[in-house]
Amino acid sequence: MSIGLDNVIAAETKLSHVDGKNGRLVIGGKLLDDLASSTEYEVVLATLLYNLFDVNYNARQIRDLLGKARSDVFGELSRLDQHLVNLPPIDAMRSLISRLEDGNDVSTALRLVAAPAVFTSALIRARHGKALIKPKSDVNHATDTLQMAGLDYSPLHAQALNTYLVTIIDHGLNASTFASRVVASTKAGLVSSVLAAISALKGPLHGGAPGPVLDMIDSIGDEGNALPWLENSVAQGDRLMGFGHRVYKVRDPRADALKGAIASLQDSAAVDHRKLALATVVEETALAVLKKYKPSHPLHTNVEFYTALLLDVLGFDRADFTSVFAIGRVGGWIAHAREQIIYGRLIRPQSRYIGFIPE
Ligand code: ACO
């Protein structure tokens, strides 16, 4: 029995491989290191979706169809109301997605890939009392996400967001992807799978971590405060956000891909060099503290630490970080859901009853 399903193989996949011992991530047959800095999100998406629907599109076609899907989904925003705008952003985005028609076909899939970007950007604008910005169909997904959110979408910033979306598009059988596959195994439909995945993603032990990473850095505030703050936090049993991983026993390779994306923005006026220097000290100190206080557990920097720093530089509020994670990961959720549907086996594990049994 494995509570938490540690080390249990619950699916076979061609989509991604998390090599936790060696700190390597393979996505669609390619190493993350070879993909992250230059491959367009649409190219990786086309690779993941290949042979999962009754029609195959190349990256160019995916780019065009995704552009059309963004316009299509934007039409749903006529029903955006103040109640939704006041919800936590990830909950508001999930509510908007729940209004999409469910299905298992490729056009449902493309609308679903478009939806987190369109809805998150619209919610950012609405929350700040600003007019919504229509999607552009002739730019790539990363560029249009920034454009619709009213953020700097210069090639440098768009490339950095693209690197982020590619880096996090898929990652084995993480909690949200597993949720997507469980729902897909019942043949409920792709919208249902994505809704389940978003619900799993939002928790602080999964995609909800990067906002608290920035809170931690802000709360530490000063390099000299890092050691006492972090020691005190671990001593009272708190978890340091952005550190530790169920599968990686070495450094998460996605952390370095995102660190590289931040480095590519060094000359951007948006970079707060003091904050980045503080973050470097916080990371080094946290690793030393974890080594000292948790010697039997290999705890390293995970993807969320640099997610927080990168999305902050790109101009996203910390309240939106989890939604931006969904903008990238939705491609993986859909590919896994389709793989599961094609495999065709209902996921139905067992529990061991430890309660009272009547005579
Ligand atoms: N800070 C302090 N201690 C930690 C941390 C951490 N970040 N992570 C694990 N530990 C400790 C636990 O307290 C436990 O110690 P104990 O045995 O003395 O009680 C030990 O390490 C093992 O912890 P587990 O809960 O068994 O580790 P698990 O594999 O379940 O945890 C997880 C993985 C949930 C990511 C964990 O490391 C964590 O909570 N990290 C902080 C939150 C975070 O960064 N989440 C994002 C993950 S990446 C992603 O999902 C996209």
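Each ligand, and each atom within it, is numbered from 1 in the order the structure gives. Just so we're clear, the structure is a prediction, and the values are computed from it rather than from any experiment. Numbering starts at 1 and runs along the sequence shown.
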With atoms numbered from 1 as shown, which atoms in ligand 1 lie under 4.0 angstrom from a non-hydrogen atom of Gly242?
43 (C), 44 (O)

Below 3.5 Å, N or O to N or O, backbone or side chain included: is there any such pair between Glu304 and ligand 1?
no

As an exercise, identify every atom of ligand 1 less than 4.0 angstrom from a heavy atom of Val303.
51 (C)

Which residue and heavy atom of the protein sit nearest atom 17 (O) of ligand 1, plus the separation
His297 NE2, 3.0 Å

Contact partition for Asp252 relative to ligand 1, non-hydrogen atoms under 4.0 Å
neither

Closer than 4.0 Å and a protein heavy atom, does any atom meet both conditions relative to atom 26 (O) of ligand 1?
no

Measure from the side-chain N and O atoms of Asn56 to the backbone N and O of Tyr50, and report whether any donor-acceptor pair falls under 3.5 Å.
no

Residue, atom name and distance, where the atom is the protein heavy atom closest to atom 50 (O) of ligand 1
His206 ND1, 2.9 Å

Quick note on ligand 1: atoms under 4.0 Å from a heavy atom of Leu290 include exactly 1 (N), 2 (C)

With His141, which of Arg63, Glu42, Arg70 fulfils side chain to side chain donor-acceptor pair (under 3.5 Å)?
Arg70

Asn22 and Asp19: side chain donor to acceptor below 3.5 Å:
yes

Which is it for Lys294 and ligand 1 at heavy atoms under 4.0 Å: side chain, backbone, both or neither?
side chain

Answer side chain, backbone, both or neither: which part of Arg239 comes under 4.0 Å from ligand 1, heavy atoms only.
both

Are Asp252 and Arg254 close enough for a salt bridge, meaning some N to O gap below 4.0 Å?
yes

Among protein heavy atoms, which lies nearest atom 1 (N) of ligand 1, and at what distance?
Leu240 N, 2.8 Å

Is ligand 1 under 4.0 Å from a heavy atom in the side chain of Leu205, in the backbone, in both, or in neither?
both

Would you call Arg329 and Asp170 a salt bridge, using N to O less than 4.0 angstrom?
no

Contact partition for Arg246 relative to ligand 1, non-hydrogen atoms under 4.0 Å
both

Can you check whether Ser176's main-chain N or O pairs, donor with acceptor, with His206's side chain at less than 3.5 Å?
yes

Only heavy atoms of Met241, strictly under 4.0 Å: list the atoms of ligand 1 that pass.
42 (C), 44 (O)

Proximal ligand 1 atoms for Ala209, defined as those under 4.0 Å from one of its heavy atoms:
43 (C), 44 (O), 45 (N), 46 (C)

Answer side chain, backbone, both or neither: which part of Leu299 comes under 4.0 Å from ligand 1, heavy atoms only.
side chain

Protein contact to atom 40 (N) of ligand 1 [nearest heavy atom, distance to 0.1 Å]:
Phe243 O, 2.9 Å

Please check this pair: side chain of Arg125 against backbone of Lys130, looking for a donor-acceptor N/O pair closer than 3.5 Å.
no

Salt bridge Asp256-Arg251, side-chain N to carboxylate O under 4.0 Å:
yes

Does the distance from a Lys or Arg side-chain N to an Asp or Glu carboxylate O, for Arg24 and Asp33, drop under 4.0 Å?
no

If we count only N and O atoms by modelled type, under 3.5 Å, do the side chains of His171 and Thr177 hold a donor and an acceptor together?
no

Just to be sure I read this right, does ligand 1 sit under 4.0 Å from the backbone of Pro204, its side chain, both, or neither, counting only heavy atoms?
backbone

Is it true that Asp64 and Arg60 make a salt bridge, defined as a side-chain N closer than 4.0 Å to a carboxylate O?
yes

Give the numbers and elements of all ligand 1 atoms closer than 4.0 Å to a heavy atom of Gly244.
35 (C), 37 (O)

Taking only Lys NZ, Arg NE, NH1 and NH2, and the carboxylate oxygens of Asp or Glu, determine whether Arg181 and Glu339 approach each other closer than 4.0 Å.
yes

